[in-house]
Amino acid sequence: MKRNVTEVLSDIAAQPLDIFTQRFMLSDDQFQSICQLIYQKAGIVLTNNKREMVYNRLTRRLRELRMNNFGDYLAFLKSDVRNPEWQEFVNALTTNLTAFFREAHHFPILAKHARKRAGGVYRVWCAAASTGEEPYSIAMTLRDVFGNNPYKTKIIASDIDTNVLDKARKGVYREELKTLNDEYLKKYFLKGVGDFEGYVKIRQQISEMVSFQYLNLLDKQWDLEGSFDAIFCRNVMIYFDKATQQTLLNRFTSLLKPDGMLFVGHSENVSQLSKDFYLHGHTVYGLTPARRGYE
């Protein structure tokens, strides 16, 4: 008889506490199964050199659930397509390396592009929000361009990892922000006191410019309205195979305004994947004339 998730979790809670100190075995078949599942769920391609990373991250889930082995964990996942553990599985295997104003050369280009807008709302989609540093960097850049009118900009920041989205919405960071200059730190952050000493929080004038939401880039439909002046999809496509990269770029073309800009990571080369974009600057792309609607 098939058991539901609640029954399985009840058995897990009865496991002895020494589960937290034991060493688990991850077989080749189990590792390959994990690789297939994360590819199906998130499009992430894992190679053999990621085996230790997979082990370390998922071991935390086994211990949290008081499970004895990876076989039980995989069976638990597959027991129900609506199992909430699927999201924890994706969260665990998603890489979230980020910083304020990372790849700093992009932000002056963004500011210059925004200044050329004659009117209307300047719309940006940050497709990998992580813990918020990137969308907040975009917001600070555009705040400098448009001044105190938050209605001149709309920034949508999405991610597949629900844990990092929760952190991003809070906008709280350790005070030692090496990639942020003192001017921005004083202008756009509140300094923590008392129990919050050593931390800073994004000011409301910046946080109100950003809307965070869950989004899986593999989903057939994205909950996104309208077109964008700029799309940031930086250091994301490196985790996908070529077919998935090309599919994403094709979908981006329909979401960009004719003169919109696509910002990618330093190791991502769009020109090798799509003829719809031309290189506008270092890892910055625009739509080709044909894609803009004229030859």
Side-chain angles (χ1 to χ4, degrees), residues 96 98-175 177 179-192 196 199-215 217 222-236 252 255-257 259-265 284:
N96 296 290
T98 187
F100 283 100
F101 293 96
R102 187 185 183 194
E103 302 191 39
H105 63 280
H106 282 162
F107 297 95
I109 297 173
L110 175 68
K112 183 178 180 180
H113 187 253
R115 290 189 185 99
K116 292 181 179 179
R117 301 300 297 174
V121 177
Y122 191 85
R123 304 183 78 247
V124 182
W125 174 28
C126 174
S130 188
T131 45
E133 287 90 334
E134 181 170 295
Y136 287 138
S137 297
I138 294 169
M140 286 184 274
T141 300
L142 296 180
R143 190 82 182 194
D144 285 351
V145 173
F146 294 114
N148 295 325
N149 186 353
Y151 304 105
K152 287 291 248 180
T153 63
K154 182 174 180 61
I155 302 166
I156 296 175
S158 64
D159 206 284
I160 194 174
D161 187 331
T162 54
N163 288 337
V164 296
L165 284 173
D166 288 342
K167 293 178 182 178
R169 291 187 183 100
K170 293 174 183 176
V172 175
Y173 305 92
R174 291 192 177 276
E175 192 172 353
L177 299 173
T179 58
L180 196 67
N181 63 44
D182 290 340
E183 178 187 354
Y184 272 15
L185 194 57
K186 294 176 182 178
K187 188 176 181 181
Y188 292 130
F189 289 82
L190 295 170
K191 192 171 183 178
F196 298 98
Y199 291 85
V200 292
K201 179 178 175 60
I202 289 283
R203 289 184 183 270
Q204 184 178 350
Q205 66 194 79
I206 296 300
S207 63
E208 67 184 4
M209 296 172 65
V210 185
S211 297
F212 290 98
Q213 68 179 66
Y214 170 86
L215 188 145
L217 291 172
W222 293 336
D223 184 19
L224 298 170
E225 295 182 3
S227 54
F228 294 94
D229 295 279
I231 295 176
F232 279 69
C233 188
R234 306 193 304 173
N235 306 301
V236 177
F252 288 160
L255 286 172
L256 273 174
K257 294 180 181 179
D259 60 346
M261 307 299 296
L262 173 65
F263 296 81
V264 300
V284 182

Item to check | Any residue meeting side-chain contact (heavy atoms from CB on, under 4.5 Å) with S227, in chain and number order, not counting sequence neighbours | outcome: K257
Checklist entry - Which heavy-atom pair separates A114 from L142 by the least distance, and what is that distance? => result CB-CD2, 3.7 Å
Item to check | Under the side chain to side chain donor-acceptor pair (under 3.5 Å) test, residues paired with Y173 that sit two or more places apart | outcome: none
Item to check | Electrostatic pair K187-D144, nearest N-O below 4.0 angstrom | outcome: yes
Checklist entry - For N163, which residues count as a side-chain contact (heavy atoms from CB on, under 4.5 Å) partner, sequence neighbours excluded? => result E88, N91, D161
Item to check | side chain to side chain contact (heavy atoms under 4.5 Å, CB included) evaluation trace for W125 with W222 | outcome: CA-CA 12 Å; W125 174 28; W222 293 336; 3.7 Å; yes
Checklist outcome for this item: Rounded to the nearest 0.5 angstrom, the CG-NZ distance for D229 and K116 is 12.5 Å
Checklist entry - What are the two closest heavy atoms between A168 and F212, and how far apart are they? => result CB-CE2, 3.5 Å
Item to check | Spatial distance of atom CG (L180) from atom NZ (K186) [nearest 0.5 Å] | outcome: 12.0 Å
Next on the checklist: I231 vs L255, test: side chain to side chain contact (heavy atoms under 4.5 Å, CB included). Steps then yes/no.
Outcome noted: CA-CA 9 Å; I231 295 176; L255 286 172; 4.2 Å; yes
Checklist entry - Can you tell me how far the NZ atom of K152 sits from the CZ atom of R143, to the nearest 0.5 Å? => result 13.0 Å
Item to check | Contacts of K170 that satisfy side chain to side chain donor-acceptor pair (under 3.5 Å) - sequence neighbours left out | outcome: none
Next on the checklist: Run V124 and I156 through side chain to side chain contact (heavy atoms under 4.5 Å, CB included) and show every step you take.
Outcome noted: CA-CA 6 Å; V124 182; I156 296 175; over 6 Å; no
Checklist entry - Are T131 and N96 close enough that some pair of their side-chain heavy atoms sits under 4.5 Å apart? => result no
Checklist outcome for this item: Sequence neighbours excluded, the answer for side chain to side chain donor-acceptor pair (under 3.5 Å) partners of K191 is E175
Next on the checklist: Are there over 12 heavy-atom neighbours, none belonging to K201, within less than 6.0 Å of that residue's NZ?
Outcome noted: yes
Item to check | Qualifying salt bridge (Lys or Arg N to Asp or Glu O under 4.0 Å) pairs with a residue from residues 128-138, counting only residues at least two apart or across chains | outcome: E134-R234
Checklist outcome for this item: Exactly one candidate in L215, D223, L217 meets side-chain contact (heavy atoms from CB on, under 4.5 Å) with S158; the answer is L215
Item to check | Sequence-distant partners of A99, side-chain contact (heavy atoms from CB on, under 4.5 Å), two or more places apart | outcome: R102, T179
Item to check | Which residues share a side-chain contact (heavy atoms from CB on, under 4.5 Å) with Q204, sequence neighbours left out | outcome: S207, E208
Next on the checklist: Go through it in stages, so that I can follow the logic: the residues are L256 and L262, the test is side chain to side chain contact (heavy atoms under 4.5 Å, CB included), and I'd like the CA-CA distance, side-chain angles, deciding distance and then a yes or no.
Outcome noted: CA-CA 8 Å; L256 273 174; L262 173 65; 4.2 Å; yes
Item to check | All side chain to side chain donor-acceptor pair (under 3.5 Å) counterparts of Y214, not counting sequence neighbours | outcome: none
Item to check | Flag side-chain contact, heavy atom, 4.5 Å: F196 against V172 | outcome: no
Checklist entry - Which heavy-atom pair separates N235 from G265 by the least distance, and what is that distance? => result OD1-CA, 3.5 Å
Item to check | Exceeds 12 heavy-atom contacts within 6.0 angstrom, atom OH of Y199 | outcome: no
Item to check | Mutual orientation of the aromatic rings belonging to Y122 and H113 [parallel < 30°, tilted 30-60°, perpendicular > 60°] | outcome: perpendicular
Checklist outcome for this item: Hits for ring-ring contact (aromatic ring centres under 6.0 Å, His included) against F101, two or more places apart or cross-chain, chain-then-number order -> F107, Y184
Item to check | Nearest-0.5 Å distance, CD1 of residue I155 to CZ of residue F228 | outcome: 11.0 Å
Item to check | Results of salt bridge (Lys or Arg N to Asp or Glu O under 4.0 Å) for R169 - residues two or more places apart only | outcome: D166
Checklist outcome for this item: Sorted by chain and residue number, the ring-ring contact (aromatic ring centres under 6.0 Å, His included) partners of F263 (sequence neighbours excluded) come out as H106, F232
Checklist entry - How about D159 and Q213: does a side-chain donor come under 3.5 Å of a side-chain acceptor? => result no
